[in-house]
Amino acid sequence: MTDYSKTVHLFESPFPMRGNLAKREPEWLKQWQQQNRYQKLRQKAAGRPKFVLHDGPPYANGDIHIGHAVNKILKDIIIRSKTLAGFDAPYVPGWDCHGLPIEVMVEKLHGKDMPAGKFRELCREYASEQIARQKKDFVRLGVMGDWEQPYLTMDYKTEADTVRTLGEIYKAGYLYRGAKPVQFCLDCGSSLAEAEVEYRDKVSPAIDVAYPFQDTAALAKSFRLPELSGECFGVIWTTTPWTLPASQAISAGADIVYQLIDTPRGKLVLAKELAESALARFGFSGSPVLAETTGAALEHLLLSHPFLERDIPILLGDHVTTEAGTGLVHTAPAHGLEDYIVCNKYKIELYNPVNAQGRYISEMPRLAGMHVFEQGNAAIIEWLTENQVLLSNKKLEHSYAHCWRHKTPLIYRATAQWFIGMDKAGTSGNTLRNNALKAVDDTEFFPAWGRARLQAMIEGRPDWVVSRQRSWGTPMVFFVHKETGELHPNSAEYLEQVCQLIEQKGINAWFDLDKSAILSPEDCEVYDKLSDTMDVWFDSGSTHYSVVKQRAELAYPADLYLEGSDQHRGWFQSSMLTGCATIGRAPYKQLLTHGFVVDGEGKKMSKSLGNVVAPQEVYNEFGADILRLWTAATDYSGELAISKEILKRVTESYRRIRNTLSFLFANLKDFSPIEDAVPQADMVEIDRYALVLARQLQERVAGEYYPRYAFHFAVQDIVQFCSEDLGAFYLDVLKDRLYTTKQDGHARRSAQTALYHITRSLVLLMSPVLCFTAEEAWDIIGGGEEDSVLFHTLHDFPTMPAASEEQLLNKWNAIRHARAAVNAAIEPLRADKSVGSSLQAEVLLTAPADMFVALETLGDELKFVMLVSKIVLAKGDELEAVVRATGAPKCERCWHYTETVGTVAGHETICARCAENIDGKGEHRDYV
């Protein structure tokens, strides 16, 4: 008896079904590093068009979290997809190294009492340690880049070029010194940038205060009344009683209607729209209205401060609204930007009674030394009560500015700071705001809603407070006149001299510098070194100059910046402003924004909730490729949900792809593309159809989805192609030909030729996402041990005329439609066990005329598409399949049921077709 199982071409796959990624990925990483794959890629890609994604630097403090992983994986997918598309796409990772969080950690570890130079040295050491930890995790995620030469904002050359960027902004005319109120953190002891402010709920005292009018005759005239008797008050409402000592004026809206209302406490001026709610708070509902006027008629009237000897004029301000309060706004230019603007317009000087510790200065009666929040609010409310000018005192929960580091409430506080002016006409004659708004118009956004978000922030943002009073930061290397505060007229020249020193010794070169090394003896008498450091957002925001423009492998401006949605007010904006202030445009052509990661229920991750998913846990359990696949498969334009359950579903998608590759490689084991490939024109028709489907997939994924960064569509298409076009159709149909036809015959080699093209294309297509799995596969199908999927661009498919291709697609789409009808008709018989395998079925298939023509061309090969042993085709009005169990014997080798079983001498248990494939020239196939 012949053992026919040995004549069937079933090979063990060299690509195992189990990936065992968590264990094998680190081994591959080690191998790739030893082979210097990134450096070799740079050599191979030399001369191609450049694509530069500039890395927004993560902060060098603490282990990476899942948000970091998403960010870096998205960047890596883009770099790899651009490389695949034929670009030279270098990736230089970076780190943000200066700033307060590192200072705080160093103080915790080493204490505060040490020389400033030693402190900066310890900050540098700490940042270096954190970078090493984070780099290890980023590399473990499969992120490809120049990890041996990343950029660090604390590199001496980068520090010098950051200072040079400030010098260019100074020369462009946008830098100035002022005493504007800025968001000030009492815990940081420093002003904050816009991006360092977050809003949280806070309970504040909401009070109504009566300011006495000094001249009732003037007030009567404003309301067109002949006279007024008794006390008259303008009433303000505030949630910051602590700012009242700095009150310099009251602001009214020019077009707002105000009423004069007679109450038991005196005559009160309130906005008409707010009068009813205000009187209810005071307990004076129903009080009669004496007259009405507009805010413009109240301008310049004088009131008295409620507890200090100070005249309080009424000003007109555009910021006054009737949304809440009384319609009159207490105005303290030291503690509010809008207050500062309106007082500046009326030439009213600001008065700041609060020091950097948040305590009242010694000259403030009754309040000296008190903290504004801890004692100040209560003490002022008590003072107002004593003076009988407190009309209402309630508790109000409202959104309030907090420090993003300390989570503590901020105060607006006027201090001498350096600003980059948004509306200051530079030497070019253009304002920075106008330059930036034009840059927004010129930038392409992914997703598109990012444009409106960034535009609104640019339109509404105040001047940039660029100075900080810290130790660990890039210094502002200017010499300032001791009396006037003006910069030295040779500032640009001196700045460059200092930058050359910083390139050699780092920022300590400035802090340790004796000014006499730069200035003349005469200038040393009247100029001091500026001790301020720069806002850390300036460091990262100027890396387009300090990194992108300086490194030979990069190109300026960058093609893409990619960060989380919070960076519209952070790095995207700081980069745009430094770019627009120095080169008149944004330093990027495209902006991509991704959302934040939440748990499976959509909740924000927090340690207290116990719902944090750490990337280290994911790659140790599932492998980094699973984390990469989850990142790519999730629509990053919104929140990205992750949980163990979600990751398990992602693993199922991965398994589908892997099983497909395993099947493909098993059936290519005895195939040489050089010796065995069949020309496209000679291939079996279904193989040509499969090639068209694979090429269309490649065009969609690499030609549409990857270029517009729609990775979740790319993953959907790849998974669907593996499961539907291949698994459920083509490979299902193909098994008979692969396993049973003559091993080196045309029918089998045609199928293998198609599989070879499909496999190469599929591995290349998935390589940006599944970088480890793609390399594993390329080791089998590629050019040897030193080869890499990275070194190849998109697969080049054999082509056919467009008209023939369209005809082929239409024909096989109709055939697949008919196949679905046959499968549906077989299913009930399988359910009641009338038939087992579909090969046990005989089918009468009736088809409409157009479909009948397509099906009829297949002739006897139609049964191979339908996976049945016998099929009779008839023409009819509707598509219909009638199924019955066959009575024919079963072939032991191919498992088809046919009357030819035993008709060939010497092969009593197999069919004539199998006998031909074993002993003859092999069966011929044209279509299936």
Side-chain angles (χ1 to χ4, degrees), residues 11-38 63-66 68-70 72-74 76-77 80 132-145 147-148 597 612-634 642-666 669 715 718-719 722 759 762-782 784-790:
F11 297 105
E12 185 177 341
S13 179
F15 190 80
M17 284 191 177
R18 285 185 59 81
N20 202 9
L21 297 174
K23 181 180 179 182
R24 298 171 71 199
E25 285 173 348
E27 298 169 4
W28 291 326
L29 279 172
K30 188 177 179 181
Q31 177 188 339
W32 302 342
Q33 289 164 347
Q34 290 170 347
Q35 293 173 349
N36 294 318
R37 286 203 173 172
Y38 178 80
D63 291 333
I64 71 166
H65 54 66
I66 195 72
H68 287 122
V70 166
K72 278 291 194 285
I73 288 170
L74 285 174
D76 190 57
I77 291 172
R80 290 173 182 270
R133 289 170 66 100
Q134 293 186 4
K135 181 171 86 169
K136 184 179 177 183
D137 280 335
F138 287 141
V139 170
R140 178 62 185 85
L141 293 171
V143 178
M144 172 185 65
W147 294 108
E148 298 309 309
V597 183
V612 173
V613 176
Q616 297 85 351
E617 294 173 4
V618 177
Y619 64 60
N620 284 332
E621 181 177 351
F622 296 95
D625 258 2
I626 300 302
L627 190 56
R628 294 175 66 96
L629 184 58
W630 165 77
T631 302
T634 308
I642 190 170
S643 66
K644 283 285 183 70
E645 291 70 28
I646 290 171
L647 287 170
K648 285 174 182 175
R649 291 200 293 272
V650 172
T651 302
E652 288 302 312
S653 294
Y654 174 79
R655 193 171 290 124
R656 206 165 289 140
I657 296 171
R658 188 170 188 94
N659 288 350
T660 301
L661 288 174
S662 183
F663 179 90
L664 293 170
F665 280 121
K669 201 166 183 182
V715 170
I718 290 171
V719 172
C722 289
T759 305
L762 188 58
V763 171
L764 287 164
L765 274 188
M766 69 185 225
S767 65
V769 177
L770 299 173
C771 64
F772 291 97
T773 305
E775 288 288 2
E776 180 190 4
W778 201 259
D779 282 347
I780 301 169
I781 203 171
E785 188 177 328
E786 291 293 317
D787 194 15
S788 167
V789 73
L790 287 168

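Just so it is clear, the structure is predicted and the values come from calculations on it, not from any experiment.
Here the closest non-hydrogen pair linking W630 and V650 is N-CG1, 3.7 Å. Nearest heavy atoms, A777 versus F665: O-CZ, 3.5 Å. What you find for H68 and I64 is that their closest heavy atoms are ND1-CA, 3.3 Å. Taking every heavy atom of both residues into account, G623 and L21 meet most closely at CA-CB, 3.9 Å. When all heavy atoms are compared, the tightest approach of E775 to S788 is OE2-OG, 2.6 Å. Here the closest heavy-atom approach between residue E776 and residue P16 is recorded as OE2-CD, 3.9 Å.
Taking the side chain as every heavy atom from C-beta outward, I66 and L627 approach each other to under 4.5 Å. The shortest distance between side-chain heavy atoms of D625 and L629 does not fall below 4.5 Å. Put simply, the side chain of Y38 does not reach to within 4.5 Å of the side chain of W147, judged on heavy atoms. For the pair C722/L762, a side-chain contact is recorded, criterion being any heavy-atom separation below 4.5 Å from C-beta on. In this structure the side chain of T634 never reaches within 4.5 angstrom of the side chain of V70, judged on heavy atoms.
Atoms CH2 and OG1, on W778 and T773 in that order, are 14.5 Å from each other to the nearest 0.5 Å. Between atom CZ of residue R140 and atom OH of residue Y619 there is a gap of 6.5 Å, rounded to the nearest 0.5 Å. We find the NZ-OG distance between K648 and S653 to be 15.0 Å, quoted to the nearest 0.5 Å. In this structure, E617 CD and K644 NZ are separated by 7.0 Å, a value rounded to the nearest 0.5 Å. Taken from SG in C771 to CG in L790, the straight-line distance is 8.5 Å, to the nearest 0.5 Å. Atom OG1 of T631 is separated from atom NZ of K72 by 13.0 Å, given to the nearest 0.5 angstrom.
Here the side chain of R80 pairs no donor or acceptor atom with the backbone of V769 at under 3.5 angstrom. A donor-acceptor pair is defined here as one N or O able to donate and one able to accept, closer than 3.5 Å; no such pair exists between the side chain of S662 and the backbone of N659. The backbone N or O of P768 sits less than 3.5 Å from a side-chain atom of R628, completing a donor-acceptor pair. Side-chain atoms of Q616 never come within 3.5 Å of backbone atoms of D137 as a donor-acceptor pair (strictly under, hydrogens ignored).
Remark: A22 pairs with no residue by the side chain to side chain contact (heavy atoms under 4.5 Å, CB included) rule, at least two apart or across chains.
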| query | Does the side-chain contact (heavy atoms from CB on, under 4.5 Å) test come out yes or no for L661 and R658, once each step is laid out? | reply | CA-CA 5 Å; L661 288 174; R658 188 170 188 94; 5.7 Å; no
Trace of the side-chain contact (heavy atoms from CB on, under 4.5 Å) decision for F772 with I626: CA-CA 10 Å; F772 291 97; I626 300 302; over 6 Å; no
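For the pair K669 and F11, the cation does not sit on the ring face, since its NZ or CZ is not both under 6.0 Å from the ring centre and inside 45° of the axis.
Counted within 6.0 Å of CD on E148, heavy atoms from surrounding residues, nucleotides or ligands total 12 or fewer; the atom is thus considered open. Atom CZ of R24 has more than 12 heavy atoms from other residues, nucleotides or ligands within 6.0 Å. Counting non-hydrogen atoms of neighbouring residues, nucleotides and ligands closer than 6.0 angstrom, the CD atom of E12 reaches no more than 12 such neighbours.
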Identify all side-chain donor-acceptor contacts of residues 26-36 below 3.5 Å with residues at least two apart in sequence or on another chain.
| unit_1 | atom_1 | unit_2 | atom_2 | d |
| --- | --- | --- | --- | --- |
| Q35 | OE1 | R37 | NE | 2.8 |
| Q35 | OE1 | R37 | NH2 | 3.0 |

